[in-house]
> 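The structure follows.
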Amino acid sequence: MSESQITAVSAAEWEDREKEALYSASQWKLMAWRLRKHKLALVGAAVLVLLYLMAAFAPFIAPYGPQQRTPYPYFPPQKVYLYDRDTRSIRPYVHGIKKERDPDTLALRFSEDTSTKYYIRFFVQGAPYKLLGLFTTDRHLFGVGPDAYVFLFGTDSTGRDLFSRTVRASSLSLSVGIVGVALSFVLGLILGSISGYYGGVADSVIQNLVAFLSATPTIPLWMGLSAALPPQWPVVKVYFGITVILSFIGWTGLARVVRGKILQLREEVFVEAARLAGASSARIMFTHLLPSCMSYLIVSITLSVPSMILGETALSFLGLGLREPAVSWGVLLQQAQNVRTVVLYPWLMIPVIFVVVTALAFNFLGDGLRDAADPYAR
Amino acid sequence: MSQYIARRLVYTLVLLVVLSVVAFAIIQLPPGDYLTSYVTLLKAQGQAVDQALIDALRRQYGLDQPMYKQYLLWISGFFRGDFGFSFQWNRPVRELLADRIGYSIGISLVALVFTYGVAIPIGIYSATHQYSLADYVFTVIAFLGMTLPAFLVALVFMFLAYKYLGLSPGGLFSPQYMTEPWSWAKFKDLLSHLPVPIVIIALAGTGGTVRVLRALVLDELRKPYVITARAKGLKETRLILKYPVRIALNPLASTMAWLLPGIVSGEVIVSIVLNLPTTGPLLLNALLAQDMYLAGSIVMFLGLLTLVGMLLSDLLLAWLDPRIRYE
């Protein structure tokens, strides 16, 4: 037997093994393989993991508290120097800030005080906070110590650090999507499966409701409902009210997916077999039908999270959603409503980047999942 | 066909009733009825409160009656053209809406026409030139358009236009035409202000429609009759426009059902950001001031706009595709 023959045999064997793996793989494994080929979806997933980590560890990452005022209103994003010429080493630092008043307009003017230098240090002590709501600590990821400030994204009208505020805002903004989708998931799942499984009057009532909700323009409806939240409510209550309003209108997409899939699956042989074996309706629904459309549900969920996040952003931006002292990206963008302010202090628009990146990442991931959701196609 | 039309009409009527209940709920949801807010406002301004006037208003709006009677009173007012009273403006809601609803409808319709006008050629081109550079570019733009929220696009646009072009792009008219009566010059001024809001409002719908049409045309292009026609020597442009496109455009009529709500939603929020004289900013102000008859009426009218749009698209679809009529 020559050498080339051996490799030929093993190559064929290898191919067989690969095929075998493909045939015996579970649906979830096939989906994972498919998803891995979708590069943009992976990028989206990675970005989302980073964003949610940022939200979870927000008080640790943010050097200052979201309401901590400093004597530097509308300070532009600070220059961070990476290379220290004096010591000839790579050690990031910022200069101190000189504050002057313009003699004519009396406006505040800032300039760098190049004589002072503050090195950026890691795990510095700062304001105490509760990490993950569990233990209290006063360590922050980075800072320049108590003598100076570092403003990566600049400050707002009252001198609050925009970087800290943007990071802290991510907790509310990103969780609105998850909580809202969880609520609409429950609604959509229950109503969609009732509609698909039982049909009849229940189906036509629910379908009319879905048709109505998807035929009415969402933003005016959201606005109208959120105006009913009393202004004196505490932040937590308003937050919950907003998510309820968002999911109250957002469940229709999920219900439609569930209904369509269940209508299709209801006629399958395995459902009939289960019925003949004496399984109850609830058992058929929860152990046979719903798991079969789980992959489509995940796609639908992924694609509806960003619309919830954008809904909250829009409502808060308009002043109908969350309000100070709560911080969400929409609340931060309220300061950017006036175009003249924005042109003078363009860094107020930085939260837009976070909103857009989040929305894009969710959509990339959802797109990839949609392609992967039906691994038996083709 | 007439049976189908009748069925759709009844169906739309049912949805309209649901819509009116929702709009009425929005009016009722804030704590306290609207006269209490009105009295508080008057007192806050230090004005004398005329108890006789309050009582008269209370009777007129039936605020002393049970909820369902209030609803019936409110909804029957709609048929008489009486939508309630705005205490914030101290004027009937009808007068306030008359100025603005026309702009809302006009902008929404132009945005709808723009959506189809741009999306159809691009969708066909993308399908016939699948995986070409232009197809990729259009795909990316469509994706961005569908993902980015209109109000952020409007905000960023305002910023860029003001910063680099020195334009203040808000509004529909230049200041000198704001209070002028209609004239040719004013109309031209309006036209010069329209493109920006229209493009921003239509962006999302255009992106979605391009994707739908591209998929529909691609499906048709793979069918054997296309190959047959090509084998018989039919010219490519003629072939594509006459058969696959003709078939792919049919289901596109049904996209109006989701396009219109999106456009109306976008119109509201983009109008607020760009300060257009439509119902959007009026709605926001009404809600912030808890001027609920005004807010509820605007929600009602915007919903009405999309429901009527949906009815028209259903009828159009039935006219185009006979299979639907006999379902």
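Each chain gets a letter, A, B and so on, in the order the sequences are listed, and its residues count up from 1. Scope of the values below: all heavy atoms of this structure, side chains included, with no hydrogens, waters or symmetry mates.
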> Take a 6.0 Å sphere around CZ of R256(A) and say whether it holds more than 12 heavy atoms from other residues, nucleotides or ligands.
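For R256(A), atom CZ is not crowded (no more than 12 foreign heavy atoms under 6.0 Å).
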> With chain A as the partner chain, list the residues of residues 302-310 of chain B whose heavy atoms fall under 4.5 Å from it, by residue number, and write 'none' if nothing qualifies.
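Against chain A, the residues of residues 302-310 of chain B that fall inside the cut-off (heavy atoms, under 4.5 Å) are L302(B), G303(B), T306(B), L307(B), M310(B).
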> What part of S214(A) is in contact with chain B, defined as an atom under 4.5 angstrom from a non-hydrogen atom: side chain, backbone, both or neither?
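Backbone only.
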> Test your reading of the model: is there a side-chain donor-acceptor pair from T147(B) to the backbone of L360(A), 3.5 Å cut-off?
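No; zero donor-acceptor contacts below 3.5 Å.
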> Let me see the working for Y11(B) and N208(A) under side-chain contact (heavy atoms from CB on, under 4.5 Å), right down to the final yes or no.
CA-CA 9 Å; Y11(B) 180 68; N208(A) 278 324; 2.6 Å; yes
> Can you tell which of L152(B), V156(B), V153(B), L144(B) makes a side chain to side chain contact (heavy atoms under 4.5 Å, CB included) with V356(A)?
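The passing option is L152(B).
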> Could you tell me if the side chain of V268(B) sits less than 4.5 Å from the side chain of M223(A), heavy atoms only?
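In short, these two side chains touch, coming nearer than 4.5 Å.
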> For L333(A), is it the side chain, the backbone, both or neither that has a heavy atom under 4.5 Å from a heavy atom of chain B?
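Answer is side chain: those atoms of L333(A) sit under 4.5 Å from chain B.
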> Before giving the answer on side-chain contact (heavy atoms from CB on, under 4.5 Å), spell out for L221(A) and I26(B) the whole-Å C-alpha distance, their side-chain angles and the decisive distance to 0.1 Å.
CA-CA 9 Å; L221(A) 212 52; I26(B) 286 177; 4.1 Å; yes
> Looking at V299(B), I269(B), L260(B), V22(B), which has the largest count of heavy-atom pairs under 4.5 Å with chain A?
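Heavy-atom pair counts peak at I269(B).
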> Is chain A contacted by the side chain of L148(B), its backbone, both, or neither, given a heavy-atom distance below 4.5 Å?
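Contact with chain A: side chain only.
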> Using 0.5 Å steps for rounding, measure from the CG atom of L320(A) to the CG atom of L288(B).
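Reported to 0.5 Å precision, the distance equals 5.0 Å.
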> Between F159(B) and V342(A), what is the shortest heavy-atom contact and its length?
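Closest approach of F159(B) to V342(A), heavy atoms only: CD1-CG1, 3.4 Å.
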> Evaluate whether atom CZ of F78(B) has more than 12 neighbouring non-hydrogen atoms of other residues, nucleotides or ligands under 6.0 angstrom away.
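Enclosed: over 12 neighbouring heavy atoms sit under 6.0 Å from CZ of F78(B).
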> Just so I understand: if I count every heavy-atom pair under 4.5 Å between each of V343(A), T216(A), L225(A), L310(A) and chain B, which residue has the most?
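So the answer, after comparing V343(A), T216(A), L225(A), L310(A), is V343(A).
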> Taking all non-hydrogen atoms of both residues into account, name the closest pair between L155(B) and A336(A) and its distance.
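That would be CD1-O, 3.7 Å.
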> Which answer fits T313(A), side chain, backbone, both or neither, if we ask what part of it has an atom under 4.5 Å from a heavy atom of chain B?
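When you check distances to chain B, atoms from both the backbone and side chain of T313(A) fall under 4.5 Å.
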> Would you mind checking which part of I298(B) comes under 4.5 Å of any heavy atom in chain A, side chain (CB onward), backbone (N, CA, C, O), both or neither?
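No part of it gets close to chain A.
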> Taking only residues two or more places apart in sequence or in another chain, which ones pass side-chain contact (heavy atoms from CB on, under 4.5 Å) with S204(A)?
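Expected list: none.
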> Can you tell me how the ring of F151(B) sits relative to the ring of F317(A), calling it parallel under 30°, perpendicular over 60° and tilted otherwise?
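Because their plane-to-plane angle lies in the 30° to 60° range, the rings of F151(B) and F317(A) count as tilted.
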> When rounded to the nearest 0.5 angstrom, what is the spacing between CD1 in I219(A) and CG in L284(B)?
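Rounded to the nearest 0.5 Å, the CD1-CG separation comes out at 11.5 Å.
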> Could you have a look at G296(B), P261(B), A286(B) and say which one has the most heavy-atom pairs with chain A under 4.5 angstrom?
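Top option by heavy-atom pairs under 4.5 Å: P261(B).
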> Once rounded to the nearest 0.5 Å, what's the spacing between atom OG1 of T12(B) and atom CZ of F212(A)?
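It is 12.5 Å, given to the nearest 0.5 Å.
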